[in-house]
Structure formats: structure tokens, C-alpha cells
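Structure first, then comments.
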Amino acid sequence: MGRFSLPDQKPGGLDSPVTAAAMKYGAKAQVAVFRLTGGRVGAKWRVGAGFRKPVPTLLLEHRGRKSGRLFTTPLLYLRSGEDIVLVGSQGGLPRHPQWYFNLVAHPETRVHLKGRRGVPVTARVAGPQERAGLWPRLVELYADFAKYQAWTEREIPVVVLSPRQARP
């Protein structure tokens, strides 16, 4: 394990309320800085495997499946042609992230990229074959995705966002 690497074994306390709160408030701060700077700050993830090989980050808008409220979550992403690929890793926690369930319920949404706001996209969950093809590319992008998968019993979902025309 390198100085900036995550451990191979799941850290104790990963699914504690303190960790959840730290993730929540860290994400809120990243969203605020990303918006304030148009992505000049906050558009690269430099934690864990991203320290030496920064990973692109976007802001995902998603509507609460129960509340109907609009949420914004910063996420790492991979470009695959015109599509944007997301990973529902939630740091290897035992549950899928809320944004995943929200996208399944409301797949038409928007993302904010560095220098581009409100890009309209439609989300879909990658099927088994597509996921198998994308997963090695995602791990190459951010090696810690493999550790997150090893830390949890669930299969981490891969979500594909395809561009769509903006509504007037």
C-alpha cells in the first residue's frame, strides 16, 4: 500500500454515521466550490488513487424519488463516446447511493461539467454485458473502484448517461 493508497481491507467504521456525515458535508462543500468557480476548482478528484492520477468530476442533478426535491451530487465520471459513465460505489458501503435510486425513478436529468452547466442527459443502468465491458475502464480511471467492490457484497452499479436535447 502506497502512502496515498486506500487499504486493501475495508476500514472499520466505514459505514458509521460519522463517516456518512463527513461524506455528506464534504460533498456539499465540493458542490459549492464547483458551482462558484464553474468547475475550475472541484472538477478533479485527487483522493486515494486520484492523488497521482486525478479523475474528472461532475455535478449530477437528481430528483428525490419520494420527496421530489432536487439534489446535486459530485461524482467521478468516465467518457465513453458521447456518453458519461458513473459508478454507484458510495465508497464501498453496503447500500447503493441515493442518487442511484433517484435516477432509476427519474432518469431524465442534467449534469454540470467544467465550463458546461445544465447538460441534459438520460440515465440508464448498464446491463451485465455492458457493465463487464466498462468496469475495467472504470478501474483504470480510478483504481479504488476495485477496492470498493471488494469491500462490499453488492454488485456496484454502473450508470450510463446519454445526451439528450434540452427542452425549451
Side-chain angles (χ1 to χ4, degrees), residues 10-39 42-43 45 47-48 55-80 82-114 116-132 134-135 138 141-142 144-145 147-168:
K10 178 181 172 181
L14 182 64
D15 47 4
S16 78
V18 172
T19 303
M23 290 171 70
K24 178 181 178 178
Y25 291 109
K28 285 182 178 274
Q30 185 173 357
V31 168
V33 170
F34 190 110
R35 283 183 172 153
L36 185 65
T37 66
W45 183 249
V47 175
V55 183
T57 306
L58 56 71
L59 300 183
L60 171 72
E61 290 184 2
H62 50 102
R63 188 155 306 278
R65 66 191 186 287
K66 295 177 185 174
S67 69
R69 287 183 45 215
L70 191 62
F71 298 94
T72 304
T73 302
L75 295 169
L76 310 182
Y77 73 93
L78 169 75
R79 281 279 189 187
S80 184
E82 290 191 17
D83 293 336
I84 295 170
V85 182
L86 307 176
V87 177
S89 63
Q90 191 154 303
L93 290 175
R95 296 168 307 282
H96 294 333
Q98 291 301 313
W99 64 259
Y100 169 81
F101 296 112
N102 291 344
L103 284 183
V104 169
H106 302 285
E108 289 195 1
T109 191
R110 299 183 318 166
V111 294
H112 304 274
L113 305 160
K114 182 179 180 180
R116 294 183 59 207
R117 291 181 169 215
V119 178
V121 293
T122 301
R124 65 179 170 76
V125 179
Q129 220 174 1
E130 185 179 24
R131 184 191 184 281
L134 289 169
W135 189 254
L138 290 161
L141 175 77
Y142 186 65
D144 291 339
F145 285 145
K147 290 182 180 182
Y148 298 158
Q149 183 61 79
W151 294 351
T152 186
E153 293 181 14
R154 68 184 171 92
E155 181 177 76
I156 292 175
V158 172
V159 175
V160 179
L161 306 177
S162 297
R164 64 179 167 83
Q165 295 298 318
R167 291 189 177 138

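Minimum interatomic distance between Y100 and P157 (heavy atoms only, all atoms of both residues): CE1-CB, 3.5 Å. Between W99 and V87 the shortest heavy-atom distance is CZ2-O, 3.5 Å. Between D83 and P163, the closest heavy-atom pair is OD1-CD, 3.7 Å. Between G88 and P97, the closest heavy-atom pair is O-CD, 3.4 Å. The shortest non-hydrogen separation linking G64 to H106 is O-NE2, 3.8 Å.
Counting only distance, with no hydrogens or angles, the side chain of R164 and the backbone of T109 share a donor-acceptor pair below 3.5 Å. Side chain of Q149 to main chain of I156: a donor-acceptor pair is present (N/O by atom type, distance under 3.5 Å, no hydrogens or angles). Checked by atom type and distance alone, the side chain of H112 never pairs as donor or acceptor with a backbone atom of L59 at under 3.5 Å. Between the side chain of R63 and the backbone N or O of G68 there is at least one donor-acceptor pair closer than 3.5 Å. Remark: the backbone N or O of G42 is paired with a side-chain donor or acceptor of Q30 at under 3.5 angstrom.
By the ring-ring contact (aromatic ring centres under 6.0 Å, His included) test, F145 is found to be paired with Y142, residues two or more places apart in sequence or in another chain being considered. Taking the ring-ring contact (aromatic ring centres under 6.0 Å, His included) definition, one finds that F34 meets it with nothing, sequence neighbours left out.
Residue L86 forms a side chain to side chain contact (heavy atoms under 4.5 Å, CB included) with just one option from L138, T73, L58, and that option is L58. Between T72 and the options R35, H62, R110, a side chain to side chain donor-acceptor pair (under 3.5 Å) holds for only R35.
Atom CZ of R124 is surrounded by more than 12 heavy atoms from other residues, nucleotides or ligands within 6.0 Å.
Inter-residue side-chain proximity for L75 and T57 is flagged as unmet; no heavy-atom pair is nearer than 4.5 Å. By the 4.5 Å heavy-atom criterion applied to side chains, V85 and V158 are counted as neighbours.
The residues R117 and E61 are annotated as not salt-bridged, no charged nitrogen and carboxylate oxygen being separated by less than 4.0 angstrom.
Rounding to the nearest 0.5 Å places CG of N102 at 13.0 Å from NE2 of H96. Between the CD atom in E108 and the CG atom in L161 there is a gap of 12.0 Å [rounded to 0.5 Å]. In this structure, CD in Q98 is found 9.5 Å from OG in S67, a value given to the nearest 0.5 Å. How far CG of L113 is from CZ of R79: 5.5 Å, rounded to the nearest 0.5 Å. The structure places CG of L78 at 7.0 Å from CG of L134, a figure rounded to the nearest 0.5 Å. The CG atom of L141 sits 11.0 Å away from atom CG of D144, with the distance rounded to the nearest 0.5 Å.
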